[in-house]
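Fair warning: this is a prediction, and the values are worked out from it, not measured in the lab. Order of appearance sets the numbers: ligands from 1, and atoms from 1 within every ligand.
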Amino acid sequence: MDLISQNFEDMLKPNVELKKFPDGDSYIHILQINECKGKDVRLFHRLYPEQDSSIVQTLFILEALRAVTKSITLIAPYLPYSRQDKIFLDGEVKSAELVCSLLSRAGVKRLITLDCHFLKKEGEAKYAGLDIKNISMNTEMLEHAKSKFGGEKFDVISPDQGANYLVKDVGGKSMKKVRGGYMGSDETYRVIESLEGDFNFKGKNVLILDDMISTGATMIKAAENVRNGEAKKIVCAATHGFFIKDCLGKLRQVADEVFSTNSMPNAVAEVNVKNVLVNVK
Ligand code: R5P
């Protein structure tokens with residue numbers, strides 16, 4: 001039995017309503033709750049954008065389902081807080097662990113997600129009490145990139161070691177990224193001290209592939225590096241495209257083309273994750 005949350009309506013027909021009360025409290029309504037009784041249920045629910053209220057919505061849906069279903073698999077293309085899996089300063093929280101633990105305790109037997117940042121590889125994993133199946137969209141993105149280069153050969157790189165698993169099977173190499181301390185006041189971000197790779201890009205087509213483009217700081221530095229190496233054409237792609245603020249505009253100044261999947265809505269979501277998620281085993 002599949003339950004489709006309203007925030008998945010660009011891909012599938014929803015049967016779980018998501019609303020807000022006037023004060024901002026979350027409201028959920030599972031239209032087919034009676035049909036879930038005794039069943040293995042797959043819940044398709046996005047956890048981004050508005051990650052905090054989306055997580056609360058998930059907990060509410062799970063609360064209603066847990067009482068009646070046999071098992072619950074959560075299908076969430078992007079797992080928020082997946083970059084917060086380590087503690088850098090005393091007094092911080094491993095939010096990635098907490099979010100997964102909350103989902104597990106709320107009744108999720110298995111989480112299906114795409115290019116989960118802290119796992120850094122495809123496959124099955126156990127994390128904070130949760131069974132996670134992490135699917136990589138690298139094959140689909142590499143296939144899509146072929147059209148961007150008009151059938152010409154292209155090199156593939158990732159902007160840091162963490163994303164090496166996305167490119168290594170096609171002979172791709174990774175740049176080295178060094179992050180420094182936090183910057184910003186209300187918003188916070190660990191500054192990139194350096195991002196380099198000793199490659200020869202002269203006259204070559206280059207695809208730069210990452211798990212996510214958020215502020216774009218990483219991808220812009222990587223594309224500048226490749227541009228300085230006199231590459232012929234540069235295409236930047238990531239599974240999860242946040243493109244915060246004017247990131248896309250800035251990226252387009254250094255790259256010839258940019259695309260992502262539709263794991264979250266954005267203007268360049270060109271690779272569809274629907275079939276991968278619907279057909280997952
Ligand atoms: C980090 O290691 C990830 O793989 C991404 O490179 C990073 O999170 C992207 O964030 P931003 O676009 O803000 O640099």
Side-chain angles (χ1 to χ4, degrees), residues 47-49 51 77-88 92 94-97 99 113-122 125 127 132 134-138 141-142 156-169 172-197 199 206-227 234-255 257-261 263-269 271:
L47 299 176
Y48 188 90
Q51 59 272 48
Y78 170 69
L79 179 66
Y81 295 101
S82 57
R83 286 180 289 179
Q84 275 57 254
D85 63 318
K86 291 188 186 77
I87 286 184
F88 294 97
E92 294 179 345
K94 277 190 205 174
S95 358
E97 206 172 78
V99 168
T113 193
L114 304 175
D115 289 305
C116 172
H117 181 75
F118 60 77
L119 291 176
K120 296 184 181 7
K121 63 175 179 185
E122 193 170 31
Y127 183 80
I132 305 179
N134 187 36
I135 305 171
S136 182
M137 288 301 293
N138 59 352
M141 289 194 291
L142 285 162
V156 187
I157 60 163
S158 76
D160 58 37
Q161 293 292 336
N164 184 259
Y165 78 97
L166 294 172
V167 304
K168 68 176 171 37
D169 290 349
K173 300 255 167 34
S174 299
M175 293 181 156
K176 193 163 176 244
K177 178 165 81 177
V178 179
R179 281 201 189 267
Y182 289 101
M183 59 178 271
S185 48
D186 289 349
E187 275 185 14
T188 190
Y189 182 81
R190 288 185 62 219
V191 69
I192 299 172
E193 283 182 342
S194 64
L195 193 154
E196 343 172 285
F199 311 118
V206 181
L207 170 68
I208 314 176
L209 205 52
D210 205 352
D211 59 336
M212 61 178 83
I213 301 174
S214 177
T215 65
T218 301
M219 195 54 98
I220 290 168
K221 272 197 164 44
E224 281 169 351
N225 190 311
V226 176
R227 179 68 69 208
I234 303 170
V235 176
C236 297
T239 303
H240 309 295
F242 299 72
F243 303 115
I244 308 276
K245 294 182 186 157
D246 55 350
C247 159
L248 194 52
K250 286 186 187 160
L251 200 43
R252 281 176 166 151
Q253 287 172 16
V254 281
E257 299 215 35
V258 182
F259 72 88
S260 75
T261 77
S263 70
M264 54 184 71
N266 70 53
V268 290
V271 175

(message) Is it the case that the side chain of R190 and the backbone of G180 share a donor-acceptor pair, with hydrogens and angles ignored and the cut-off at 3.5 Å?
(response) yes

(request) Run the salt-bridge test on E193 and K221 with the 4.0 Å N-O cut-off and return the result as yes or no. (result) no

(message) Strictly under 4.0 angstrom, heavy-atom based: which residues surround ligand 1?
(response) R83, H117, D160, K177, R179, Y189, D210, D211, M212, I213, S214, T215, G216, A217, T218

(request) Indicate whether any N or O donor in one side chain lies under 3.5 Å from an N or O acceptor in the other, for T215 and K245. (result) no

(message) Please find the pair of heavy atoms, one from T261 and one from N266, that lie closest to each other, and give the distance.
(response) O-ND2, 4.0 Å

(request) Could you tell me which non-hydrogen atom of P77 sits nearest to which non-hydrogen atom of H240, and how far apart they are? (result) O-CE1, 3.2 Å

(request) Say whether D115 and Y165, considering side chains only, have a donor N or O and an acceptor N or O under 3.5 Å apart. (result) yes

